[in-house]
Every structure is written in C-alpha cells, then in structure tokens.
Amino acid sequence: MKTSKEMNNLQIAELLRSVAAAYELKDADRNKFRIIAYQRAADAIEHASSELKDLWDDAKLDEVPGIGKSIAEHLDELFRTGKSKHFEAVMKGLPPAMFEFMELPGVGAKTGFRLAKELGIKSLADLEKAAKSGKIAKLEGFGEESQSKILTALEESKGKTRRMLLPYAKATAEGVIEWMKQNKSVMEINTLGSLRREAATVGDIDIAVATKKPEEVLGHFTKYPKLTRIIEKGDRTASIIVPSDIQVDLMVQSPEAYGALLQHFTGSKHHNIALREYALKKGLSLSEYGIREARNSKHEIRKFNDEESFYKFLGMEWIPPELREDSGEIESALSQKLPVLVELADIKADLQIHSSFDIETSHDIGASTMEEVIERADSLNYEYIAFTEHNPSKSRHNEKQIIDLLMRKREAVDKLNYSFVKSHCKSVQKVFNSLEIDILPEGGLPVPDEGMDTLDFALVSIHSSFDLPREKMTSRVLKALEHPKVRVFAHPTARKLNEREGVEVDWPKIFDFCLKNDKWLEINADPIRLDLPDTLVKEAVKEGIMLSMGTDAHHKNGLDNMQYGITVARRGWATKDDIVNTRSLKEFEKMIS
DNA sequence: GCCGTTTTCGGCCCGACTGTTTTCAGTCG
C-alpha cells in the first residue's frame, strides 16, 4: 500500500472501491449496504474539489458527504501511519491482481477474483496470455464469448482513451445526430449524459431518440457508416464504437414517455439516485419509463413526454442539466429557488485576448492583429474587450526596456480607440489595455510600477513552479493579487485537462481575499483549461466573488470559445450578476476605476 | 457504513443487456 503522502484523491477513491469489492466477495448479501457506502464514499472523494489530505489537515474529513465516522477513522489512520489496518484486513487473502483486472469493462469483483485465483495469474500480461491460449473459455461459467470480450477489453485498455474535451465530444455527437436524422422514424433526438450536462470532459457519447419504431431506429444506428464495431444491440438500446475508440450509446423511447428517458439518461447518476430517494419517500418509484407507485408493481406507469412535466409531477421546477450533480439542486428546485443561470447572450466583453502586437513576451504571442480581433469582437456584438498579451520577458529585458515596450502598446491601444474603433465598429465602443502577468515563484510581478501605470487593469496567472506546497503557493498568489492594478486572477488552478492537475492552494483564503479586496476570479473559456473548474466556481459564487470571463484567444477565431466558459459558469450556478463582463461599458469602467 | 422535510432506527435507485444458463448472475450506467 502506498504511503499517505503519495495518495491523491483518485488513489484513495480506488482504495475504497477495492475495499467495496473485497466486501462483495466476502459476503455480498450481508454487506450489501456497506458496499454501497464505500462506493459512494469513493465517488464523493473522486469528485471532491479539494485534496482529501488537505481536508484531513483541517479536520474536515466528515464534511465530505458519504464519509461518516467509520470511514473517517480509517482514513485518519491512513494519513497518520500510511496504512489502514481495517482496509488491509478486509482485503486480506485477495489476489492484488484482481483489482487491476476490474479496471477492464465487463470485469467486476467476482469475475476479477476468479480470473486471478483460478488461473493463478498476477498481471494483465498474464491475463492476455491466458486468454490467447484459450484457458479462460475453459473455466466454469465462462466461454469463448467471454474470453474474446476480455481480449478486446485488454486490447482497448492499452490505447486507453482519455476523456474527450467538450468541443470534440460535441462534434462527434453532431456527426451521429446528422446520420440519425436521415431516418424518418426519428421524431426527436438529444444528447444525454455528461455531454448534455456540458461537463468539461466527456467519456462516452449518449444519445436519446423518440420514435414509434425502435427497431428501425436502432437498425439505422448500427449502420452508422463511420462505426468501427458494434458492442451490443438490444430492443431499447445499442452501443457502437466509432473512430478514436469512442463509445456511442443510443436509447430509444416512444414519444409519450420520452421525457422520462431524457431525464433518466441525462443523469448524473448521483442526481438520479438523490431524486429517486426523494421520490421513494413520497411513495413513488422513478425509472426511464416514468413514475409509478413504489410498492405496487402493478400500478400503471405515468408517462411524461417532456422533462418539465416529469419534474413538475415531483413538485419541482425543471432543473437545467448543468445543475444535475446532486449538489443542492433538488432542494432548490423543490422550493422553486433555482438560480437564473447566465447565458452566452448576456456576455458583453471578452476579458482575456492575446493579439499579435509584439511586446517581446515571456510566452506565446497571438496570431491575429488587434484590428482583426476587434472586428471579430464586433461581430459577436461585444461592447468592449481587453488585450491581455503576456508581459515582456524578464530575462531578456531590463526594467527600462519593459516600460518602453508597454508604453508602445499603450499608445497603440489609444490610437485604436481614437480611430479604428470609432470608424469600423457597430457595437464595440472601447478596447482596454491590459496584460496577463506571470506570478513569479515568490509572488512578485515581472513588471515595474511605471509599467503597471500604463495599464487599465491587469490579470495575473501562474505559468511556472506549479508544485509548490499549498501554503507557499497561497501566499505567492495573495502577494501578486495585492497590487492595486491587478484585478483578475486568471486560470486560477493552472490545470490543463488530460495534461496537468491544478495547483494546490488554500481556496477559502484566496476567496476571502478576493471578496475583501474586490479581486475577480477568471473563468478561462479555453476548452483545455475551463479554469476555474465548475466546482470551485460554485463555491466562489456562494461566497459572492465576482467572476471574469475570458477566452484566452491567441487567434481571432478563439473568441468563439466563450460558449465553453459559459458552460462552466452555469455548472457553477453563476447568474448574470456574478459575471463582471455582463456589465455595460459604463458600469465596467466604474468597476476598474 | 451513511444519513435525516415521515426516521438517531431503519431504511438504502432502477432497469437493460450479455453469456451461459434453462431461470439467473454479473456488470453497467
């Protein structure tokens, strides 16, 4: 077992899932709900917005929903000593390889155990050998089919596809939807799952169809020209693999019951579980078919053709898919107090853009001229924008040179405001002169005060030393935010999806500072960043901190990415009022003065 | 093992699909 210092949330979640699997083997019936409890705790930890170790440091483990007295005690021991006697006892005697095997789709606790035990093997490589030599098919309860499924799963796990970024998932789904619409029996079609909830990354693509001819629709689906393989095809659902090993699932339902299907497969799983638990208390049982009385299986199912009527029947407002994460939306919907979420049309400005104006920056320079960017912003009906090139590099310039470069940019922006903006734009009225400044490892800024004076306002962000300890990182950021010209903490976690975890800082401390000093947190709309992440946006919004939306565009086309920033804002419960660049130019000017 | 808008005790979401079986277990979402 790894020591506590090495264990991040994902690893702890995996450990708890292994404990759940161990209970499943030992006595699944007696431990039925204990297993669920461990799995729920694992889910909660995986989705937590702060590192469990940090929560433990602050004695806040029990604030994580799903972690109660018992699991908290075991985790405490884990963090203190590097291991948990209880976890080890539960997993004692089980072959470690089984947990590795369980990562293959189709292999759960029991299958994993039997493969490891009965074949006497210790690795995925051994498993592959066993499958290829036909040993698996000979085991009782297994056969040729299960053996070749395991082989396929092994093959696919090698090129393990990472979760897709949202724009890629949208484009892939659009291709399938276009194909499906060619079939006359498709009456309605929607995306489902994390794609419909607009999550930052998407695993599988799920699609719903309303139809009176399920067989025909599923048949059409499994003839999708681009598919590489069909996984399964039943009466109501089918799954295929399309290029890049992306799984696409299709669910069909009659139009009268389409609302329940949409609701069910939009998820999230946790939202649905919470919703069904609530319904059960009112004596109702929910499913993808509709709603019926819980303790009367003969009771006719009430059908819903849309989601609005489904939620209304439960006494709730319709809940926007972005909020369906079981993080308070059910309670809010019951008291008709869901927030009016911000929309793309509310946005009046883009507050992070890099042009090709060369101030000999420390990082990459934009590809489009300031004029090209302004024209694009004008076509998006923005009232104002901010040019936020990176600061001139510190290593290649002395202070005087940095100031000169910034003066040049100031003059260029002033000139644009006097002439180009007035003569060319129908909606853009002003261009702000800003800068995205590196936060140096000690918290200093690589721009002298005389340079700062040329700016209307500044962004600061982390581009180096990503792995400082939490306390050092926190004071580093706070020091940078102190400068009066600095208004925005840009891409605050500095995460890159599928590439780099975010930095560790004391968020409550940062939030508190921002609130007291009127500093804003950016929602960076670049699909690879989407930073602040939605869960932290939700916490910031709750605290009343203002958010600043920017695309971080390095090309005029990049301005179109604002839609992805909006998905994050909405998933974080943000309303128009929480976002600075929904303000008119006049209001915004007041805010930065 | 967790949790509280019927509960600090007694509940805990619901159904589809597959493979290997002759009625079901395992897995998944």
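Below, chain A is the first sequence line, B the second, and so on; all start at residue 1.
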For I207(A) and F265(A): C-alpha separation, side-chain torsions, deciding distance, then whether side-chain contact (heavy atoms from CB on, under 4.5 Å) applies.
CA-CA 9 Å; I207(A) 295 172; F265(A) 286 107; over 6 Å; no
Interatomic distance, [X] [atom1] vs [N] [atom2] [rounded to whole Å]:
X: K110(A); N: dC28(B); atom1: NZ; atom2: C1'; answer: 15 Å
X: F265(A); N: dC14(B); atom1: CZ; atom2: P; answer: 15 Å
X: M251(A); N: dC17(B); atom1: CE; atom2: C1'; answer: 11 Å
X: I273(A); N: dG11(B); atom1: CD1; atom2: C1'; answer: 15 Å
X: E73(A); N: dC2(B); atom1: CD; atom2: C1'; answer: 14 Å
X: I205(A); N: dG29(B); atom1: CD1; atom2: C1'; answer: 16 Å
X: L25(A); N: dA25(B); atom1: CG; atom2: P; answer: 16 Å
X: L261(A); N: dG29(B); atom1: CG; atom2: C1'; answer: 13 Å

Okay, side chain of S146(A), backbone of F142(A): is any donor-acceptor separation there less than 3.5 Å?
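No, S146(A) side chain to F142(A) backbone: no donor-acceptor pair under 3.5 Å.
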Without hydrogens or angle criteria, can the side chains of [X] and [Y] be said to hold a donor-acceptor pair below 3.5 Å?
X: T266(A); Y: R196(A); result: yes
X: E329(A); Y: H271(A); result: yes
X: Y564(A); Y: R529(A); result: no
X: N9(A); Y: Q11(A); result: no

Are there over 12 heavy-atom neighbours, none belonging to Q182(A), within less than 6.0 Å of that residue's CD?
yes
Is [X] touching bases, backbone alone, or none of the nucleic acid, heavy atoms closer than 4.0 Å?
X: H86(A); answer: sugar-phosphate
X: I67(A); answer: sugar-phosphate
X: L104(A); answer: sugar-phosphate
X: D235(A); answer: sugar-phosphate
X: S285(A); answer: sugar-phosphate
X: K281(A); answer: base
X: L286(A); answer: sugar-phosphate

Among W318(A), Y258(A), F313(A), find the residue that satisfies the ring-ring contact (aromatic ring centres under 6.0 Å, His included) test when tested with F304(A).
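Single pass found, and it is F313(A).
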Salt bridge or not between E504(A) and R470(A)? Use side-chain N to carboxylate O under 4.0 Å.
no
Charged N-O contact under 4.0 Å between E317(A) and K337(A):
no
I need the residues from residues 31-43 of chain A with at least one non-hydrogen atom less than 4.0 Å from DNA chain B; give them sorted by number, or say none.
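Of all residues in residues 31-43 of chain A, the ones placing a heavy atom under 4.0 Å from DNA chain B are F33(A), R34(A), A37(A), Y38(A), R40(A).
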If the [atom1] atom of [N] is compared with that of [M], how far apart are they to the nearest Å?
N: dT21(B); M: dG26(B); atom1: P; result: 13 Å
N: dT5(B); M: dG11(B); atom1: C1'; result: 16 Å
N: dA25(B); M: dT20(B); atom1: C1'; result: 10 Å
N: dC9(B); M: dC14(B); atom1: P; result: 25 Å
N: dT23(B); M: dC28(B); atom1: P; result: 25 Å
N: dG1(B); M: dT6(B); atom1: C1'; result: 23 Å

Which nucleotide in the list [options] gets nearest to the side chain of [X]?
X: P105(A); options: dG29(B), dC28(B), dC2(B); result: dC28(B)
X: D204(A); options: dC12(B), dG29(B), dA16(B); result: dG29(B)
X: L280(A); options: dC2(B), dT27(B), dC12(B); result: dC12(B)
X: R236(A); options: dC2(B), dA16(B), dT27(B); result: dA16(B)

OP1 or OP2 of dC14(B) versus the side-chain N and O atoms of S287(A): is any pair under 4.0 Å?
no
Any Y289(A) side-chain N or O less than 4.0 Å from OP1/OP2 of dA16(B)
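Y289(A) to dA16(B) OP1/OP2: side-chain N or O found under 4.0 Å.
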If you assign L284(A) and Y23(A) each to the DNA chain B nucleotide with the nearest heavy atom, which residue ends up on the more 5' nucleotide?
Y23(A)
Closest nucleotide of DNA chain B for A72(A) versus for Y278(A): which of these residues is on the 5' side?
A72(A)
Protein N or O to nucleotides 18-24 of chain B N or O, pairs below 3.5 Å:
{"residue": "dT18(B)", "atom": "OP1", "partner": "K233(A)", "partner atom": "N", "Å": "3.0"}
{"residue": "dG19(B)", "atom": "OP1", "partner": "E145(A)", "partner atom": "OE1", "Å": "3.1"}
{"residue": "dG19(B)", "atom": "O3'", "partner": "S146(A)", "partner atom": "OG", "Å": "3.3"}
{"residue": "dT20(B)", "atom": "OP1", "partner": "G143(A)", "partner atom": "N", "Å": "2.5"}
{"residue": "dT20(B)", "atom": "OP1", "partner": "G143(A)", "partner atom": "O", "Å": "3.3"}
{"residue": "dT20(B)", "atom": "OP1", "partner": "S146(A)", "partner atom": "N", "Å": "3.4"}
{"residue": "dT20(B)", "atom": "OP1", "partner": "S146(A)", "partner atom": "OG", "Å": "2.6"}

With both distances under 3.5 Å as the test, what is the Watson-Crick or G-U wobble partner of dC14(B)?
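For dC14(B), the partner nucleotide comes out as dG29(B), under the 3.5 Å rule.
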Would you list the pairs meeting side-chain hydrogen bond (donor to acceptor under 3.5 Å, both in side chains) in which at least one residue belongs to residues 13-29 of chain A, sequence neighbours left out?
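Qualifying pairs: R17(A)-D43(A), R17(A)-E46(A), Y23(A)-H86(A), D27(A)-R30(A).
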Apply the test side-chain contact (heavy atoms from CB on, under 4.5 Å) to residues R570(A) and V342(A): give CA-CA distance (whole Å), side-chain angles for both, the deciding distance (0.1 Å), then the verdict.
CA-CA 6 Å; R570(A) 291 172 63 87; V342(A) 64; 4.3 Å; yes
